[in-house]
Amino acid sequence: MIGEIRASDAPVQLSSRESEVLSLVATGLSNQAVADQLGISERTAREYVGRILLKLRVRTRVQAAVIATEWRLAERGGYRPDTGIVADVS
């Protein structure tokens, strides 16, 4: 899954790995738990999370988790947020 968010008219793409990390963060996992799940170091997981927050232009993991949840709901067709957030699952 590749997520896209339109922030100030410029679409931001997440890589498939970043989307995977974001999905795990959205379930409430810590950086260490994300690292364990993906077989990467905690530092690498932390760096992914930092890049995701920058790309999404949010400050907290909670804000990123909200976006991830909105994408999942949009993919299922059950929710279209009025925030300019688009889920791209191609």
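Note that this is a predicted model, so its numbers are computed, not measured. The first residue of the sequence shown is numbered 1, and numbering continues consecutively from there.
The closest side-chain heavy-atom distance from V21 to L14 is not below 4.5 Å. Proximity of N31 to R61: side-chain heavy atoms (C-beta onward) are separated by under 4.5 Å at one or more points. Q32 has its side chain within reach of D36: a pair of non-hydrogen atoms, C-beta onward, lies under 4.5 Å apart.
With sequence neighbours left out, the side-chain contact (heavy atoms from CB on, under 4.5 Å) criterion links A65 to A26. Scored by the salt bridge (charged side-chain N to carboxylate O under 4.0 Å, His left out) test, R59 finds no partners at all (sequence neighbours excluded). Checked against side-chain contact (heavy atoms from CB on, under 4.5 Å), L24 has the following partners two or more places apart in sequence or in another chain: L29, V34, Q37, L38.
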| request: Take V66 and E70, measure what side-chain contact (heavy atoms from CB on, under 4.5 Å) needs, and give me the verdict at the end. | output: CA-CA 6 Å; V66 168; E70 289 174 345; 3.9 Å; yes

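Going from atom CZ of R17 over to atom OG1 of T44 covers 9.5 Å, rounded to the nearest 0.5 Å. Here the CD1 atom belonging to I52 is positioned 5.5 Å from the CG atom belonging to L22, to the nearest 0.5 angstrom.
With 3.5 Å as the limit, one finds no donor-acceptor pair spanning the side chains of S19 and S16.
Without hydrogens or angle criteria, E18 side chain to S15 main chain gives a donor-acceptor distance under 3.5 Å.
Scanning all heavy atoms of the two residues, the minimum distance from L53 to T60 falls at CD2-O, 3.4 Å.
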